[in-house]
Undergrad: 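One structure, as structure tokens, below. Some questions next.
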Amino acid sequence: MTERHTILSGSAFEEQIGYARAVVDGDRVHVSGTTGFDYTTMTISDDVVVQAEQCLRNIGTALAEAGCTFADVVRVRYLLPDRADFEPCWPLLRRYFGEVRPAATMLVCGLADPRMKIEIEVDARRRTPPHEGP
């Protein structure tokens, strides 16, 4: 049977809506759409680049708990209400994903809270440790 478990970040949204920050299913890790809220204080910046950086910190925490890093990301989705906010984030996104080059999609859509300027979702694949023994 495939190992499956959830990772919670402590975000109030996870409890209110009924989802997990990430689901680990065997070697696959699915990180939910993650916004720029600092989940310890439930505060969010007005700046889209600051929000994007917080999204990536939140995602990095979930990936680490799943036994992954950004190097394991195979798919990323960017969701923004305003397409003009995407390009200012490119240098930051390149810093995190430039070497990895995951498949990527950017969508323009409404987000759950008008303070949210970007949401990022990733899928990763955990690397299988080398086989030991005979």
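This one's a predicted model, so the numbers in the text were calculated from it and none came from an experiment. Values below: all heavy atoms of this structure, side chains included; hydrogens, waters and symmetry mates excluded.
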Undergrad: When rounded to the nearest 0.5 angstrom, what distance separates CD1 in Ile118 from CG in Leu93?
TA: 6.0 Å

Undergrad: So which heavy atom on Tyr19 is nearest to which on Leu8, and how close?
TA: O-CD2, 4.1 Å

Undergrad: So does Val31 get a backbone contact from the side chain of Arg21, meaning a donor-acceptor N/O pair under 3.5 Å?
TA: no

Undergrad: Show, in sequence, the C-alpha distance, side-chain angles and deciding distance for Leu56 and Leu92, and conclude whether the side chain to side chain contact (heavy atoms under 4.5 Å, CB included) test is met.
TA: CA-CA 9 Å; Leu56 295 165; Leu92 172 69; 3.9 Å; yes

Undergrad: With no hydrogens and no angle check, is any side-chain donor or acceptor of Arg101 less than 3.5 Å from a backbone partner on Gly98?
TA: yes

Undergrad: Do NZ/NE/NH1/NH2 and the carboxylate oxygens of Glu53 and Arg95 come within less than 4.0 Å?
TA: yes

Undergrad: Using modelled atom types only, decide if a donor and an acceptor are shared between the side chain of Thr34 and the backbone of Ser32 within a distance under 3.5 Å.
TA: yes

Undergrad: If you apply the rule side chain to side chain contact (heavy atoms under 4.5 Å, CB included), what do you find for Val76 with Phe70, and how did you get there?
TA: CA-CA 10 Å; Val76 61; Phe70 282 97; over 6 Å; no

Undergrad: Do Asp47 and Ser45 meet the criterion of a side-chain donor-acceptor pair at a distance under 3.5 Å?
TA: no

Undergrad: When hydrophobic residues are tied together by side-chain contacts of less than 4.5 Å, even through go-betweens, does Val23 share a cluster with Val74?
TA: no

Undergrad: Run Asn58 and Ser9 through side chain to side chain contact (heavy atoms under 4.5 Å, CB included) and show every step you take.
TA: CA-CA 8 Å; Asn58 295 339; Ser9 69; over 6 Å; no

Undergrad: Which heavy-atom pair separates Arg115 from Phe37 by the least distance, and what is that distance?
TA: NH2-CZ, 3.4 Å

Undergrad: Using the test ring-ring contact (aromatic ring centres under 6.0 Å, His included), find all partners of Tyr39 that sit at least two apart in sequence or belong to another chain.
TA: none

Undergrad: Show your working on side chain to side chain contact (heavy atoms under 4.5 Å, CB included) between Val73 and Asp123 and close with a plain yes or no.
TA: CA-CA 6 Å; Val73 172; Asp123 294 318; over 6 Å; no

Undergrad: Check Thr6 against Ala20 and note the closest heavy-atom contact, atom names and distance.
TA: CB-CB, 3.7 Å

Undergrad: Hey, what do you get for SG (Cys55) to OH (Tyr78), rounding to the nearest 0.5 Å?
TA: 10.5 Å

Undergrad: If Ile, Leu, Val, Met, Phe, Trp and Tyr residues are connected whenever their side-chain heavy atoms lie under 4.5 Å apart, and connections chain through other members, are Ile44 and Leu80 in the same group?
TA: no

Undergrad: Measure across Ala62 and Ile7 and return the closest heavy-atom pair with its distance rounded to 0.1 Å.
TA: O-CD1, 3.6 Å

Undergrad: Please report the interatomic distance CG(Asp85) to CE(Met106), rounded to the nearest 0.5 Å.
TA: 9.5 Å

Undergrad: Rounded to the nearest 0.5 Å, what separates atom CD in Glu119 from atom CG in Asp113?
TA: 11.0 Å

Undergrad: Kindly say whether Arg127 contributes a backbone atom to a donor-acceptor pair with the side chain of Asp72 at under 3.5 angstrom?
TA: no

Undergrad: Any chance the side chains of Thr105 and Arg75 put a donor and an acceptor closer than 3.5 Å?
TA: yes

Undergrad: Using salt bridge (charged side-chain N to carboxylate O under 4.0 Å, His left out), reason through Arg28 and Glu3 one step at a time and then give a plain yes or no.
TA: CA-CA 10 Å; Arg28 299 188 187 279; Glu3 169 199 354; over 6 Å; no

Undergrad: So does Asp46 have more than 12 non-hydrogen atoms from other groups sitting under 6.0 Å from CG?
TA: no

Undergrad: Quick one: do Val122 and Leu111 end up in the same hydrophobic cluster if we chain Ile, Leu, Val, Met, Phe, Trp and Tyr together by side-chain heavy atoms under 4.5 Å apart?
TA: no

Undergrad: Closest heavy-atom contact between Pro81 and Val108?
TA: O-CG1, 3.6 Å

Undergrad: Starting at CD of Glu121, measure out to CG of Leu107 and round the result to the nearest 0.5 Å.
TA: 9.5 Å

Undergrad: Is there a salt bridge (charged side-chain N to carboxylate O under 4.0 Å, His left out) between Arg4 and Asp25? Walk through the geometry before answering.
TA: CA-CA 4 Å; Arg4 182 185 188 280; Asp25 188 14; 5.3 Å; no

Undergrad: For a quick test of reading the model, state the closest non-hydrogen atom pair linking Gln51 to Lys117 and the distance between them.
TA: OE1-N, 2.8 Å

Undergrad: Could you measure the distance from the CD1 atom of Ile120 to the CD1 atom of Ile59? Nearest 0.5 Å is fine.
TA: 5.0 Å

